[in-house]
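Data first, discussion second: the structure below is written as structure tokens.
For reference, positions follow the sequence shown, starting with 1.
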Amino acid sequence: MEVPYKLATELLKKQIDPSVYDAVLNRFSQLCDEVYYERCSNNISEYIQHRKNIGHFTAEISYLLIQPFLRDRDPEILRFFCKVGEAGCLVDSLIDLRSDYENGLIEFRPNLSGYLKVLTHAASIGIPLLWRYPKLMNVFYQAVADNCRDIKR
């Protein structure tokens, strides 16, 4: 079963523009570290920080992959991508936290207080984004709905 992953990896590597290749590999390495440390989190606060970092690095990788095709490289676009990534990753956590615990993907047992902390952090990032970019409300709604549908699969 390892062959399809190797093929996908090789195809992805060939698609990365040489000007961002090293940065993308660096972020992938940091992302892998964060995923590992997320699973080792002893409490909800550590977990939240790792989830924010995972969302941040995932969004930064996405930005780096499209950066060579952008006419203007406004740092605000990268900051926006990363904040959306952080908020999205936390919202995903709200939906998956219990099943992640039940499947042994996290060490600590989530409780109501933990869910409220995740919700508070997600809202503290997401609400200012929605306030600044109200047209994104429908996109965020669709993303949350899609995550909720994933629960049933």
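- Taking Ile, Leu, Val, Met, Phe, Trp and Tyr as members and joining any whose side-chain heavy atoms lie under 4.5 Å apart, directly or through other members, Trp131 forms no hydrophobic cluster with any other residue.
- Two different hydrophobic clusters hold Ile77 and Ile61 under the rule that ILVMFWY side chains link at heavy-atom gaps under 4.5 Å.
- With rounding to the nearest 0.5 angstrom, the SG atom of Cys40 is 12.0 Å from the CZ atom of Phe108.
- Cluster annotation: Ile54 is not connected to Ile95 through the hydrophobic network of ILVMFWY side chains, with a link wherever side-chain heavy atoms come within less than 4.5 Å.
- Scored by the salt bridge (charged side-chain N to carboxylate O under 4.0 Å, His left out) test, Arg132 finds Glu76 as partners (sequence neighbours excluded).
- Here Glu46 pairs with nothing under the side chain to side chain donor-acceptor pair (under 3.5 Å) rule; sequence neighbours left out.
- Clustering ILVMFWY residues whenever any of their side-chain heavy atoms sit less than 4.5 angstrom apart, transitively, puts Leu119 in the very cluster that holds Leu129.
- Sorted by first then second residue, the side chain to side chain donor-acceptor pair (under 3.5 Å) pairs that include residues 47-60, not counting sequence neighbours, are Arg27-Glu60, Glu34-His50, Glu34-Asn53, Glu38-Arg51, Tyr47-Ser93, Gln49-Asn53, Arg51-Asp92, Arg51-Ser93, His56-Glu86.
- Every residue two or more places apart in sequence or in another chain was checked for a side-chain contact (heavy atoms from CB on, under 4.5 Å) with Thr120, and none qualifies.
- With sequence neighbours excluded, the residues that form a side-chain contact (heavy atoms from CB on, under 4.5 Å) with Asn103 are Ser99, Leu105.
- A search for side-chain contact (heavy atoms from CB on, under 4.5 Å) contacts involving Ala87 returns Ile125, not counting sequence neighbours.
- Annotation: ring pair (Phe, Tyr, Trp, His ring centres under 6.0 Å) contacts involving residues 71-104, sequence neighbours excluded, comprise Tyr63-Phe81, Phe80-Tyr133.
- Here the side chains of Leu90 and Leu94 are not in contact, with every heavy-atom distance at 4.5 Å or above.
- Among pairs with a residue in residues 14-46, none fulfils ring pair (Phe, Tyr, Trp, His ring centres under 6.0 Å), at least two apart in sequence or across chains.
- No single ILVMFWY cluster, assembled from side-chain heavy atoms under 4.5 Å apart, contains both Leu25 and Ile66.
- Put simply, CD on Glu10 and NZ on Lys6 are 9.5 Å apart, with the number rounded to the nearest 0.5 Å.
- The hydrophobic cluster containing Ile106 does not contain Leu31, counting ILVMFWY residues as joined when their side-chain heavy atoms lie under 4.5 angstrom apart, directly or transitively.
- Residues passing the side-chain contact (heavy atoms from CB on, under 4.5 Å) test with Ile127 are Ala123, sequence neighbours excluded.
- Considering only heavy atoms from C-beta on, Leu97 comes within 4.5 Å of Ile44 through its side chain.
- Remark: Ser19 pairs with Asp17 by the side chain to side chain donor-acceptor pair (under 3.5 Å) rule, at least two apart or across chains.
- Applying the salt bridge (Lys or Arg N to Asp or Glu O under 4.0 Å) test to every pair with at least one member in residues 104-114, sequence neighbours left out, gives no pairs at all.
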Exercise for review: Evaluate side chain to side chain contact (heavy atoms under 4.5 Å, CB included) for Leu78 paired with Cys82, printing each intermediate quantity in order.
Suggested key: CA-CA 6 Å; Leu78 174 58; Cys82 292; 3.7 Å; yes
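- Remark: side-chain polar atoms of Asp72 are not paired, donor with acceptor, to backbone N or O of Asp74 under 3.5 angstrom.
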